[in-house]
Engineer: 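Take this structure, written in structure tokens, and hold onto it; I'll ask about it next.
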Amino acid sequence: DAPYKLILLRHGESEWNAKNLFTGWVDVNLNEKGEKEAVRGGELLKDADLLPDVVHTSLQKRAIRTAQLALEAADRHWIPVHRSWRLNERHYGALQGKDKAQTLAEFGEEQFMLWRRSYDTPPPPLEDGTEFSQSDDPRYASIPPELRPRTECLKDVVVRMLPYWYDGIVPDLLTGRTVLVAAHGNSLRALVKHLDGISDADIAGLNIPTGIPLYYELDAEFKPVTPGGKYLDPEAAAAAIEAVKNQGKKK
Ligand code: DG2
């Protein structure tokens with residue numbers, strides 16, 4: 001039996017996912033579909049008898065509410081919770097608030113995919129004090145100024161996320177707890193890249209659907225017993241992954 005149980009959950013559909021806008025650190029809420037996805041995620045956990053003992057989230061509403069709705073559906077709303085900016089979505093820089101389809105049309109497929117899925121090309125930085133910047137948001141006041149992002153590529157996310165993996169999440173796994181991490185498309189891609197040892201090139205092709213728990217059994221070295229983990233609803237996951245992949249293309 002594998003010693004460690006880890007469940008990754010991307011938040012349910014957000015208001016801006018539905019509008020096809022780059023979101024990043026903008027604190028948008030779940031829409032109704034997203035709330036339902038979160039509840040269904042919790043029901044899947046309950047049906048699989050995978051009951052979290054502790055939950056870790058980002059500082060963003062869509063992940064926080066997803067965790068809460070899922071845990072309520074699994075009757076685990078009472079477990080301890082930890083939150084960190086290090087689980088936040090990738091900061092999308094000057095693309096935050098922009099329409100994905102319009103951006104694709106304006107800059108072309110190659111540049112669009114570089115910004116969206118390359119490992120080390122960040123979008124242009126977002127200026128402090130502008131509409132979609134979080135420079136004045138009190139929840140981030142304790143982040144040292146030199147660590148506060150104005151844009152990020154996935155590599156930057158790996159670098160700021162991993163300290164939380166080792167210092168915040170691994171200690172919970174070591175005590176035998178079943179750990180739920182409720183976060184975001186790109187912060188979870190960063191974690192999956194690390195867990196599965198995916199190359200910088202191959203991670204471009206990995207997409208994570210909203211609201212479907214991804215279960216990892218980890219061995220004593222924290223390596224996945226099944227590479228890629230297991231979605232609790234594999235059919236729904238496959239369809240939703242395709243939709244995320246093609247996001248720029250829909251109008
Ligand atoms: C999405 C991911 O983040 O977008 O920031 O727009 O998971 O918080 O909804 P999430 C965003 P893509 O990188 O898939 O375009």
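First listed ligand is number 1; within each ligand, the first listed atom is number 1.
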Engineer: For residues Arg139 and Leu59, report the shortest heavy-atom separation together with the two atoms involved.
Structural biologist: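 It is NH1-O, 3.0 Å.
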Engineer: If you look only at pairs with a residue in residues 106-116, which of them pass as a side-chain hydrogen bond (donor to acceptor under 3.5 Å, both in side chains), with sequence neighbours excluded?
Structural biologist: Arg116-Gln247
Engineer: Protein N/O near ligand 1 N/O, under 3.5 Å, which pairs?
Structural biologist:
unit_1	atom_1	unit_2	atom_2	d
ligand 1	3 (O)	Glu89	OE2	2.5
ligand 1	4 (O)	Lys100	NZ	3.0
ligand 1	5 (O)	Thr23	N	3.4
ligand 1	5 (O)	Gly24	N	2.8
ligand 1	6 (O)	Thr23	N	2.9
ligand 1	6 (O)	Thr23	OG1	3.4
ligand 1	6 (O)	Lys100	NZ	3.2
ligand 1	7 (O)	Arg10	NE	2.9
ligand 1	7 (O)	Arg10	NH2	3.1
ligand 1	7 (O)	His11	NE2	3.0
ligand 1	7 (O)	Glu89	OE2	3.1
ligand 1	7 (O)	Gly185	N	2.7
ligand 1	8 (O)	His11	NE2	2.9
ligand 1	8 (O)	Arg62	NE	2.9
ligand 1	8 (O)	Arg62	NH2	2.8
ligand 1	8 (O)	Glu89	OE2	3.4
ligand 1	8 (O)	His184	ND1	3.0
ligand 1	9 (O)	Arg10	NH2	3.1
ligand 1	9 (O)	His11	NE2	3.0
ligand 1	9 (O)	Asn17	OD1	3.4
ligand 1	9 (O)	Asn17	ND2	2.8
ligand 1	13 (O)	Tyr92	OH	2.6
ligand 1	13 (O)	Arg117	NH1	2.9
ligand 1	13 (O)	Asn186	ND2	2.9
ligand 1	14 (O)	Arg116	NH2	3.2
ligand 1	14 (O)	Arg117	NH2	2.7
ligand 1	15 (O)	Tyr92	OH	3.4
ligand 1	15 (O)	Lys100	NZ	2.8
ligand 1	15 (O)	Arg116	NE	2.6
ligand 1	15 (O)	Arg116	NH2	3.4

Engineer: With a cut-off of under 6.0 Å to the ring centre and 45° to the axis, is Lys98 in cation-pi contact with Phe132?
Structural biologist: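 No; the conditions do not both hold, so Lys98 does not lie above the ring face of Phe132.
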Engineer: Who pairs with Trp85 by ring pair (Phe, Tyr, Trp, His ring centres under 6.0 Å), at least two apart in sequence or on another chain?
Structural biologist: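 With sequence neighbours excluded, Trp85 shows a ring pair (Phe, Tyr, Trp, His ring centres under 6.0 Å) to no residue whatsoever.
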Engineer: Could you work out, with side-chain contact (heavy atoms from CB on, under 4.5 Å) as the rule, every residue matching Pro171, not counting sequence neighbours?
Structural biologist: none
Engineer: Does any donor atom in the side chain of Asp156 or His91 lie under 3.5 Å from an acceptor atom in the other side chain?
Structural biologist: no
